[in-house]
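Taking it in order: structure first as structure tokens, then the write-up.
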Amino acid sequence: MKNILTAPFIEEMKRTTANMYRLGWDERNGGNISYLIEESEAEPYLDLSRVIRTIPLGFDASPVSGKLFLVTGTGKYFKNVEHDPEGNLGLVRVSADGQSAELLWGFSDGGKFTSEFPAHLMSHIARLAVDPENRVVMHTHPTYTLAMNYIYELDEKKMTHTLWEMCTECIVVFPDGVGVLPWMLCGTNEIGEATAEKMKEFRVVIWGMHGVYGAGKTMDETFGLIETVEKAAQIYVLTAHLPRINTIQDDQLKTLAEAFGVNYRKDFLNL
Ligand code: 13P
Ligand code: ZN
């Protein structure tokens with residue numbers, strides 16, 4: 001058996017959480033990530049028949065029964081993942097009846113998966129239905145996206161349009177726009193269900209005055225998606241109080257989307 005601490009999926013999780021911490025997005029225990037791992041990726045490192053303990057999920061996750069997820073722990077700090085992956089991460093398998101998670105590795109101090117795991121699994125289920133290659137769900141508290149929430153209407157069309165105007169590449173990176181939820185209590189099945197509903201349409205969902213959810217095929221793609229939204233929000237917040245002299249026009253956004261061949265939300269432009 002190879003040492004799991006050398007597994008590429010652990011390395012990726014360590015690098016990503018460290019990056020996000022250093023960007024200032026994940027203060028204290030803020031943020032959580034779940035990463036769908038193929039059995040064939042985990043097998044060289046783990047005896048998959050050995051379950052350490054079983055943890056109830058609190059909802060029916062049977063559409064992803066048998067699937068493995070590497071997930072951050074509740075109350076754990078992103079800044080500590082790289083130094084102690086086994087204490088801060090867990091590799092779990094959703095049980096055959098979809099009611100619980102079987103811990104195969106990690107959470108070594110007796111901890112458990114993030115309080116947002118229902119929202120993650122519901123989002124995985126929603127994204128897998130539209131993109132069978134989706135593997136990552138990421139929740140974080142990016143500073144400028146959050147700042148924008150306080151000075152801008154929580155409206156999907158308006159917010160997407162403004163973000164698209166902020167950087168030339170935005171419409172290419174998130175042509176589907178951003179979904180927006182009002183402030184809701186986190187860590188509940190209700191916010192999980194509302195997020196998953198949005199995830200049918202959007203790969204980025206803003207949780208009003210809390211943070212953002214992103215989904216994608218790879219860790220890089222998902223991180224890059226949130227990073228691009230955050231960059232756009234940063235430009236917005238840095239310029240919101242100043243007279244706007246120039247902007248990218250809607251016909252230019254259309255030209256961009258057509259040149260890059262992306263399927264964008266045409267109803268989010270005013271043409
Ligand atoms: P956890 O510590 O349970 O992952 O919660 C962090 C968070 O960001 C809640 O939304
Ligand atoms: Zn949060």
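When a ligand or atom number is given, it counts from 1 through the structure's own listing order.
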For [atom], state which one of [options] supplies the nearest heavy atom.
| atom | options | value |
| --- | --- | --- |
| atom 4 (O) of ligand 1 | Asn29, Thr140, Thr114 | Thr114 |
| atom 2 (O) of ligand 1 | Gly73, Gly111, Gly75 | Gly75 |
| atom 5 (O) of ligand 1 | Ser115, Ala119, Gly31 | Ser115 |

Is there a polar contact between ligand 1 and His139, counting only N or O atoms under 3.5 Å apart? yes

Does a sphere of radius 6.0 Å around NZ in Lys254 hold more than 12 heavy atoms from other residues, nucleotides or ligands, not counting ones at 6.0 Å or beyond?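 No - once you tally the heavy atoms of other residues, nucleotides and ligands closer than 6.0 Å, there are 12 at most.
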
Tell me if the CZ atom of Phe202 is crowded by more than 12 foreign heavy atoms within 6.0 Å.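 Atom CZ in Phe202 is packed in, count exceeds 12.
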
[X] heavy atoms, cut-off 4.0 Å: which ligand 1 atoms fall inside?
| X | value |
| --- | --- |
| His141 | 8 (O) |
| Gly30 | 8 (O) |
| His210 | 10 (O) |
| Thr74 | 1 (P), 2 (O), 3 (O) |

If you measure from the Lys or Arg side-chain nitrogens to the Asp or Glu carboxylate oxygens, is any gap between [X] and [Y] under 4.0 Å?
| X | Y | value |
| --- | --- | --- |
| Glu165 | Arg244 | yes |
| Glu201 | Arg265 | yes |
| Glu156 | Lys198 | yes |

At under 4.0 Å between heavy atoms, what of Asn32 touches ligand 1? The answer is side chain

Name whichever N, O or S atom of His210 ends up nearest to the Zn ion (ligand 2). NE2

Tell me the angle that NE2 of His139 and NE2 of His141 form around the Zn ion (ligand 2), rounded to 10°.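 My answer is 110°, to the nearest 10°.
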
For atom 9 (C) of ligand 1, grab the closest protein heavy atom and report residue, atom and distance to one decimal in Å.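 Checking every protein heavy atom, the shortest distance to atom 9 (C) of ligand 1 gives Glu116 OE2, 3.1 Å.
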
Decide if the gap between the ring center of Tyr236 and the ring center of Tyr152 is smaller than 6.0 angstrom. yes

What do you reckon, are the aromatic ring centroids of Phe223 and Trp25 less than 6.0 Å apart? yes

Just say parallel, tilted or perpendicular for the rings of His141 and His139, cut-offs at 30° and 60°. perpendicular

